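The model shown is predicted, which means the values in this text are computed figures rather than measured ones.
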Amino acid sequence: RLAWLRAQYAGEVRWTDETLGRFFELLRQRGLWDEALVIATADHGEAFFEHGRYGHRFDLHDEVLRIPLIVWAPGRVPAGRVIDENVSIVDVLPTLMDYAGLPPDPALDGRSLKPLIHGGHLPPRPVNAALSFFPPPPRPDHYDLSEALVQGHLKLVRKGQVPWSTDDERDISQPPRPGTETYEVYDL
């Protein structure tokens with residue numbers, strides 16, 4: 001079964017690669033290739049039973065959190081640079097805005113990665129992620145919330161049960177109920 005799941009995933013990667021190839025060819029045909037800035041990323045990774053589960057909806061282990069972030073622009077982005085610092089998907093829009101010459105938007109959570117891309121530095125900052133599981137009806141009186149905070153080489157994960165604010169609404173600002181919380185700490 002695992003081999004079949006991995007083959008399905010490899011097929012999705014192959015489809016994405018072919019689709020990007022067609023997109024790049026379209027940029028060339030339209031004379032936009034030399035002006036293009038392409039950022040390729042994902043919204044989540046995928047677990048293949050590394051921690052006993054398959055998919056991406058159950059936990060916040062690295063196989064789900066760590067995603068590709070590829071920035072490409074011929075002549076404007078150094079080829080082959082690998083950045084080891086923690087960055088976040090919320091940094092994509094500020095990075096695009098910076099390359100487009102637009103001013104930073106203080107309402108955005110992210111920051112431009114352009115300094116890192118060009119060999120500079122940015123002050124370290126924590127990266128966070130959250131995962132909520134909202135059960136289908138008939139639902140219990142709570143939903144499950146997992147939150148992760150990564151700072152440097154350490155990751156803290158808090159899990160707990162959050163009560164529904166009303167019969168029909170979720171209040172994601174509520175903390176987990178006391179006594180339902182568990183904590184995990186990882187040295188990455």
Side-chain angles (χ1 to χ4, degrees), residues 9 12-47 55-57 59-134 145-158 162 169-175 186 188:
Y9 187 79
E12 291 178 11
V13 171
R14 191 170 29 262
W15 177 86
T16 301
D17 185 59
E18 291 169 2
T19 301
L20 282 172
R22 287 192 302 273
F23 174 67
F24 294 158
E25 184 56 35
L26 185 64
L27 290 175
R28 284 186 193 98
Q29 289 172 3
R30 295 192 176 176
L32 301 172
W33 181 253
D34 292 334
E35 302 300 318
L37 170 69
V38 176
I39 294 182
T41 190
D43 59 339
H44 57 76
E46 204 71 21
H56 56 267
R57 298 178 184 198
D59 58 46
L60 296 172
H61 287 105
D62 276 5
E63 57 270 13
V64 174
L65 291 182
R66 295 181 60 83
I67 58 174
L69 179 59
I70 302 166
V71 180
W72 177 87
R76 291 180 288 147
V77 171
R81 182 177 307 282
V82 175
I83 297 170
D84 291 325
E85 297 178 41
N86 288 327
V87 299
S88 175
I89 198 167
V90 299
D91 299 326
V92 171
L93 181 57
T95 302
L96 285 169
M97 292 172 62
D98 192 1
Y99 274 102
L102 299 172
D105 184 341
L108 296 176
D109 288 332
R111 61 186 178 172
S112 174
L113 301 177
K114 191 174 179 181
L116 288 176
I117 292 168
H118 291 275
H121 298 281
L122 287 172
R125 64 147 193 220
V127 175
N128 56 40
L131 174 69
S132 301
F133 176 72
F134 300 102
L145 175 67
S146 298
E147 299 171 296
L149 178 69
V150 177
Q151 175 77 44
H153 69 281
L154 294 177
K155 178 168 66 173
L156 171 67
V157 178
R158 176 177 78 164
V162 178
E169 293 184 18
R170 309 169 189 149
D171 181 358
I172 61 172
S173 66
Q174 287 193 45
Y186 298 92
L188 303 174

Indicate every side-chain donor-acceptor pair of residues 23-40 with a distance under 3.5 Å to a residue at least two apart or in another chain.
none

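Val157 and Ala148 get closest at one heavy-atom pair: CG2-CB, 4.1 Å. Counting all heavy atoms, side chain and backbone alike, Tyr99 lies closest to Ile117 at OH-CG2, 3.4 Å.
With sequence neighbours excluded, no residue satisfies side-chain contact (heavy atoms from CB on, under 4.5 Å) with Asp17. Applying the side chain to side chain donor-acceptor pair (under 3.5 Å) rule to Glu63 yields the partners His51; only residues at least two apart in sequence or on another chain are considered. With sequence neighbours excluded, no residue forms a salt bridge (Lys or Arg N to Asp or Glu O under 4.0 Å) with Arg81. Residues passing the side chain to side chain donor-acceptor pair (under 3.5 Å) test with Lys114, sequence neighbours excluded: none. Every residue two or more places apart in sequence or in another chain was checked for a side chain to side chain donor-acceptor pair (under 3.5 Å) with Tyr9, and none qualifies. Residues passing the side-chain contact (heavy atoms from CB on, under 4.5 Å) test with Pro115, sequence neighbours excluded: Ser112, Leu122. The salt bridge (Lys or Arg N to Asp or Glu O under 4.0 Å) check on Arg125 picks up Asp91, with sequence neighbours excluded. The salt bridge (Lys or Arg N to Asp or Glu O under 4.0 Å) test applied to Asp98 returns no partner, not counting sequence neighbours. Qualifying side-chain contact (heavy atoms from CB on, under 4.5 Å) partners for Pro126, counting only residues two or more places apart in sequence or in other chains: Leu149, Gln151. Residues satisfying the side chain to side chain donor-acceptor pair (under 3.5 Å) test with Asn86, not counting sequence neighbours, are none. Among residues two or more places apart in sequence or in another chain, the salt bridge (Lys or Arg N to Asp or Glu O under 4.0 Å) test is passed with Arg158 by Glu147, Glu181.
The side chain to side chain contact (heavy atoms under 4.5 Å, CB included) test with Pro94 is passed by exactly one of Leu108, Leu113, Asp109: Leu108.
Residues Ile67 and Leu69 fail the side-chain proximity criterion, which asks for heavy atoms closer than 4.5 Å.
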